[in-house]
J.: 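Following this message is one structure expressed as structure tokens.
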Amino acid sequence: MQIIPVGEAGKPRNQFPPVYVGGTLIHEDDIAREMQHHPAEELAEAWHEAAKSLVIRELLLQQASRLNLDNIEDEEDRIARVLELELNVPDPEEQDCERFYAANPGRFCSPTIMAVSHILLAAAPDDIEERMRQEEAGRQLLTALLDGRSQFNQLAKQYSACESRHQGGSLGQISKGQTVEEFERPVLSLTEGLNPELIETRYGWHIVRVDQRIDGEQLPYEHVKPQIRQYLSESVTRRAFRQYLQVLAVETGIEGVDLELPDSPLMQ
């Protein structure tokens with residue numbers, strides 16, 4: 001992803017309309033400085049996200065003045081006090097937590113654990129000829145394994161480019177998040193035994209054998225209730241914050257930028 005430069009050459013000077021919050025101008029120099037926190041492929045996108053962030057901040061600071069909070073010196077503390085006074089977010093009720101738990105069983109499971117062995121036939125991602133050659137070699141080795149003409153640990157020791165070859169190809173126990181995504185995604189869906197298909201990753205081609213699979217089990221509701229309550233509370237708070245900003249924007253008036261309101265970085 002390209003990071004839009006900041007400085008004289010990076011300022012979107014004269015390219016975008018002036019931005020106002022009420023009668024207050026958001027200066028283009030401030031938007032240019034803010035752009036470093038909003039990397040994007042296109043200059044217009046980075047400018048828009050930076051301008052939107054400053055508009056939200058200015059909306060809240062103006063509301064602080066209307067609430068007679070200018071005596072709070074630090075702007076961050078002033079904004080926090082506005083939200084504390086203005087956002088009325090109810091705590092999730094027990095039935096809401098129970099309903100969310102019942103509707104999302106897959107989110108509350110212990111991880112699936114697998115004992116996996118592999119043979120890596122290495123090839124660089126941009127070396128097309130070598131990847132084709134190693135794919136064909138992998139298919140031949142896989143056929144020998146499926147036919148029973150060869151032993152997995154022997155082939156791993158002889159052909160694998162991974163250090164696991166010293167353990168017969170064994171990677172030990174793995175679970176979600178412990179390997180690269182393009183390896184993990186297909187492997188975690190496998191049953192025990194030799195996978196009859198090669199798996200391709202950035203490192204090359206893999207012959208994979210699942211030595212043991214222990215599927216995750218759904219965790220008891222009481223165990224995950226605090227997690228659910230926090231998630232629902234944060235979700236409701238984000239929604240209330242968006243609605244609150246929409247009201248402020250209408251009352252104050254915004255010019256020069258569309259104030260689309262997904263989850264704001266102020267709420268992270």
J.: Do any N or O atoms from the side chain of Thr201 and from the backbone of Glu182 form a donor-acceptor pair under 3.5 angstrom?
T.: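 Judged by distance alone, no pair lies under 3.5 Å.
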J.: Within the supplied structure, the quantity of interest is the number of heavy atoms (other residues, nucleotides, ligands) at a distance under 6.0 Å from Phe100 CZ; does it exceed 12?
T.: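 For Phe100, atom CZ is crowded (more than 12 foreign heavy atoms under 6.0 Å).
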J.: Quickly, which of Arg139, Gln134, Arg133, Gln140 forms a side chain to side chain donor-acceptor pair (under 3.5 Å) with Glu136? Name it, please.
T.: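 Testing Glu136 for a side chain to side chain donor-acceptor pair (under 3.5 Å) against Arg139, Gln134, Arg133, Gln140 leaves exactly one candidate, Gln140.
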J.: Could you check whether any side-chain N or O of Arg213 sits under 3.5 Å from a backbone N or O of Leu188, counting only pairs where one atom can act as donor and the other as acceptor?
T.: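 Judged by distance alone, yes, a pair lies under 3.5 Å.
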J.: Does atom CG of Asn88 have more than 12 heavy-atom neighbours from other groups under 6.0 Å away?
T.: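 Count not over threshold, so no.
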J.: Would you call Glu200 and Leu198 a side-chain contact if the rule is heavy atoms closer than 4.5 Å?
T.: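 No, side chains not in contact.
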J.: Does the pair Glu163 and Arg165 meet the rule for a salt bridge (Lys or Arg N to Asp or Glu O under 4.0 Å), with working shown?
T.: CA-CA 5 Å; Glu163 286 300 307; Arg165 66 182 182 274; 3.6 Å; yes
J.: Would you call the rings of Phe16 and Trp47 parallel, tilted or perpendicular if under 30° counts as parallel and over 60° as perpendicular?
T.: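 Rings of Phe16 and Trp47: parallel, under 30°.
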J.: Are Glu184 and Lys176 close enough, and set up right, to give a side chain to side chain contact (heavy atoms under 4.5 Å, CB included), and what steps lead you there?
T.: CA-CA 7 Å; Glu184 173 183 285; Lys176 186 175 178 61; 3.5 Å; yes
J.: Side chains of Leu141 and Ser150: does their closest heavy-atom pair fall under 4.5 Å?
T.: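 Result no, sub-4.5 Å side-chain heavy-atom pair not found.
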J.: Arg33 versus Asp30: any side-chain heavy-atom pair under 4.5 Å?
T.: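 When only atoms from C-beta onward are counted, Asp30 and Arg33 do touch, with a gap below 4.5 Å.
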J.: Between Phe183 and Tyr203, does the ring centroid distance fall short of 6.0 Å?
T.: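 So the answer is no for these two rings.
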J.: Side-chain heavy atoms nearer than 4.5 Å, only ILVMFWY residues, links allowed to pass through others: does that put Leu194 and Leu121 together?
T.: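 Both belong to a single hydrophobic cluster.
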J.: To check you understand the geometry: which heavy-atom pair defines the closest contact between Leu59 and Leu245, and what is its length?
T.: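 Closest heavy-atom pair between Leu59 and Leu245: CD1-O, 4.3 Å.
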J.: Between the side chain of Glu86 and the main-chain N/O of Gln63, is any donor-acceptor distance below 3.5 Å?
T.: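 No; zero donor-acceptor contacts below 3.5 Å.
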J.: Spell out, as yes or no, whether a donor-acceptor pair under 3.5 Å connects the side chain of Ser53 to the backbone of Ala50.
T.: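 Checked: no pair found.
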J.: Under 4.0 Å between a Lys/Arg side-chain N and an Asp/Glu carboxylate O for Glu76 and Arg78?
T.: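 Looking at Glu76 and Arg78, the cut-off is not met.
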